[in-house]
Amino acid sequence: MRKTAYFLALAAVTLMTFGCVKSDEKLSRLKQYIASQSEIGLYRDDKPLYTFDKSADQYYVNRAERIFRIQNDDATRYIELKLSAEPVKDAELDIVMVTAGYDEIPSAAYNGVTVTAVDGNRYTLTGGPSASYTGFIIVWVE
């Protein structure tokens, strides 16, 4: 009887330990998808929300204020990202996004965004549930 109770308790502890560690499949898909992208922009649900258009847009980086911004020529339409910290590989940071002229992309705050890749001056950031599973590819000029 004691052996049976011991093995049942051991099985319960094992199930609780491994049952609590769930992988976030949606975040994994976002990371895979955004790793295959090369265009500066915003991504969600395995598709671009907005990508930088070299003929119509310009980007702006202000390291002192930790701002990355994509805007049209007269700045009537823009997407501005204010980062809580300098982007560093594997670092986690928060982003406040302010938009103008893009009704389909509302201003929002994204918490717990991770810098998942750095390629020269191009940075890839991905966020899980607290960031609405949003990914960003930005330029960060040193």
Side-chain angles (χ1 to χ4, degrees), residues 3-142:
K3 278 187 175 180
T4 303
Y6 171 76
F7 284 114
L8 286 174
L10 183 62
V13 169
T14 303
L15 283 173
M16 287 188 331
T17 301
F18 291 108
C20 292
V21 179
K22 291 184 178 178
S23 66
D24 190 332
E25 290 180 26
K26 195 169 183 177
L27 181 58
S28 295
R29 279 196 320 270
L30 172 65
K31 286 180 179 181
Q32 283 182 327
Y33 174 74
I34 201 165
S36 71
Q37 302 304 303
S38 61
E39 295 295 322
I40 296 166
L42 283 73
Y43 299 86
R44 185 179 297 145
D45 297 327
D46 299 339
K47 63 183 178 203
L49 283 175
Y50 186 83
T51 55
F52 180 75
D53 180 349
K54 292 177 187 171
S55 64
D57 295 332
Q58 51 191 304
Y59 66 81
Y60 163 80
V61 177
N62 181 327
R63 287 192 64 204
E65 298 291 325
R66 296 182 311 275
I67 292 173
F68 174 77
R69 180 178 174 138
I70 299 172
Q71 65 186 32
N72 64 352
D73 287 339
D74 62 2
T76 56
R77 292 171 46 111
Y78 62 84
I79 299 169
E80 182 175 283
L81 306 177
K82 173 103 167 112
L83 299 113
S84 63
E86 285 274 329
V88 177
K89 175 80 168 92
D90 298 323
E92 190 173 285
L93 46 88
D94 299 329
I95 296 174
V96 174
M97 181 174 73
V98 178
T99 64
Y102 297 100
D103 294 336
E104 68 280 9
I105 306 172
S107 297
Y110 300 100
N111 299 315
V113 176
T114 303
V115 181
T116 52
V118 177
D119 183 12
N121 65 355
R122 192 170 296 239
Y123 289 68
T124 302
L125 302 92
T126 55
S130 61
S132 303
Y133 294 99
T134 304
F136 307 88
I137 298 177
I138 66 170
V139 172
W140 201 254
V141 181
E142 302 250 347

Provide the closest heavy-atom pair for [X] versus [Y] in the form atom of the first, atom of the second, distance.
X	Y	result
Val98	Ser107	CA-OG, 3.4 Å
Ile95	Leu125	CD1-CD2, 4.2 Å
Ser130	Asn111	OG-O, 2.7 Å
Pro48	Tyr33	CD-OH, 3.3 Å
Asn62	Trp140	O-CH2, 4.3 Å
Tyr110	Ala131	CD2-O, 3.1 Å

Sequence neighbours excluded, every pair satisfying salt bridge (charged side-chain N to carboxylate O under 4.0 Å, His left out) that has a member inside residues 71-91: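 Found Arg63-Glu86, Arg69-Glu80.
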Pairwise salt bridge (charged side-chain N to carboxylate O under 4.0 Å, His left out) hits with a residue in residues 42-52, at least two apart: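 Output for this query lists Lys26-Asp45, Arg29-Asp46.
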Check: Leu42 and Tyr102 side chains under 4.5 Å, non-hydrogen atoms: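 No, side chains not in contact.
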Min side-chain heavy-atom separation Ile137-Arg122 under 4.5 Å: yes
What is the distance from atom [atom1] of [X] to atom [atom2] of [Y], rounded to the nearest 0.5 Å?
X	Y	atom1	atom2	result
Thr126	Leu27	OG1	CG	5.5 Å
Ile79	Thr99	CD1	OG1	7.0 Å
Gln37	Thr124	CD	OG1	10.0 Å
Leu49	Thr134	CG	OG1	6.5 Å
Lys54	Glu39	NZ	CD	6.0 Å
Asn72	Asp57	CG	CG	7.0 Å

Thr51/Tyr43 under side-chain contact (heavy atoms from CB on, under 4.5 Å): CA gap, chis, key distance, verdict: CA-CA 8 Å; Thr51 55; Tyr43 299 86; 3.5 Å; yes
With [X] via ring-ring contact (aromatic ring centres under 6.0 Å, His included) - residues at least two apart:
X	value
Tyr133	none
Tyr60	none
Tyr78	none

Crowding at CD, Glu25 (>12 non-hydrogen neighbours, <6.0 Å):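 Incorrect, the count does not exceed 12.
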Qualifying residues under side chain to side chain donor-acceptor pair (under 3.5 Å), relative to Ser36, sequence neighbours excluded: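 With sequence neighbours excluded, Ser36 shows a side chain to side chain donor-acceptor pair (under 3.5 Å) to no residue whatsoever.
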Under 3.5 Å: donor-acceptor pair, side chain of Asp94, backbone of Leu83: no
